[in-house]
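We count residues from 1, following the sequence as given.
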Amino acid sequence: MNWSAEDRGFMAQALSLAQRALYTTTPNPRVGCVLVQQGTVIGQGYTQPAGRNHAEIEALGDAAGRHAVTNGATAYLNLEPCSHFGLTPPCADALIAAGIGRVVAAMLDPNPLVAGRGLERLRAAGIATECGLMEDEAREMNIGFVARMTRGRPWLRLKIAASLDGKTALNNGRSQWLTGAAARADGHHWRARACAILTGIGTVQADDPQLTVRAVATPRQPLKVLVDRGLELPLSARLLDGGKLLLATASRDGGRTAALLARGAEVLCLADAGGKVDLRGLLEELARRGINEVHAEAGAGLNGALLAAGLVDELLVYLAPSLIGDAARGMFALPELEDLALKRELNIIDVERFASDLRIIARVL
């Protein structure tokens, strides 16, 4: 379809509005809506936190506040309007009631409860509908929501800070700080947009991290998730100080479980056939809880296990201009390859500099 420059401009505005909801909409997708009457914006809005208004309702409310006429207007959205009753009524019905004459959506909603039914509902009411404008950008905006809806587990982004020779820590475990303040602040931006932050017990024992967003402003903290096979988490660990912690274990030690429950943790026993934590099962459980994006910051062991299990979607690698040497710890604990044909292929989608550090974003093929 040949969309006009005006169409593209208004859809870009809708995506910009959706960006404002980057940290707040879990488990819902990030959506922006722009209402246009004869080339003029008469209303705009974006999805509010779960249980509150969706983007369409916000935009219609904005138009009402401007005393604008919505009859015959065009609505631009980065996601198809919903057609089902959830915590809020269907947005498609609200657009119909407002007399909207045309709806342009960037992509279909991957939620099986919608999946084209929103646009069908609009067409049945006589509203012209179009779909596919800036679809790639819209998919990136809600990459975790799409992943959860289409495959039953969240988008897993694995963050690593390393020296130029690929080392993440000294052999004694010390790793603070390999990268500079600018790179660390960018890492907190990625933490903030995630619904959950995942780490392993080895990282907790070495660094006692908080797993919170601190370097950027955020209206909410992601869920903290710990893989702790043997329930070794110290009761004094900072992970237990404020904010919900979900601890995935393979142990059934009732005494340790009770002590952790008393400190506010939720303990989930997910043992696989080998007596380790079932990582795929953990991610599927997070999906059932409405988690769209998981941000993992772990050591080589858990990093390697996640990669070997085919659970890593994206690598967020910060490289510092330094060399540590062979005795230091690497990024992944993976079995030795005997043939380069077995190497894991990546697609580098972005390279950016933060002061003296480099950030590489790569997708696992």
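Each of K159, R30, R191 was compared with E293 under the salt bridge (Lys or Arg N to Asp or Glu O under 4.0 Å) criterion, and only R30 meets it. Of the listed residues (D357, T179, D186), just one forms a side chain to side chain donor-acceptor pair (under 3.5 Å) with Y318, and that residue is D186. Of the listed residues (I291, L223, L286), just one forms a side chain to side chain contact (heavy atoms under 4.5 Å, CB included) with C195, and that residue is I291.
Remark: R184 is positioned above the aromatic ring of W177, its terminal NZ or CZ atom under 6.0 angstrom from the ring centre and at most 45 degrees off the axis.
In this view, F10 and Y76 satisfy the ring-ring contact (aromatic ring centres under 6.0 Å, His included) rule, not counting sequence neighbours.
Side-chain N or O atoms of Q44 include none that pairs as donor or acceptor with a backbone N or O of A14 at under 3.5 Å. Between the S16 side chain and the A12 main chain, no donor and acceptor come within less than 3.5 Å of each other. A donor-acceptor pair under 3.5 Å is formed between the side chain of E80 and the backbone N or O of G116.
Ion pair R359/D350 flagged as a salt bridge, since at least one NZ, NE, NH1 or NH2 atom sits closer than 4.0 Å to an Asp/Glu carboxylate oxygen. Contact check on R123 versus E130 returns no salt bridge, with no Lys/Arg side-chain nitrogen under 4.0 Å from an Asp/Glu carboxylate oxygen. A salt bridge links R151 with D313: the closest approach of a Lys/Arg side-chain nitrogen to an acidic carboxylate oxygen falls below 4.0 angstrom.
Annotation for L260: hydrophobic cluster partners, listed by chain and number, are I197, I201, V204, L211, L226, L231, L233, L235, L239, L240, L245, L247, L261, V267 (ILVMFWY side-chain heavy atoms under 4.5 Å, direct or chained).
Identified under the salt bridge (Lys or Arg N to Asp or Glu O under 4.0 Å) test for residues 5-23, with sequence neighbours left out: D7-R102.
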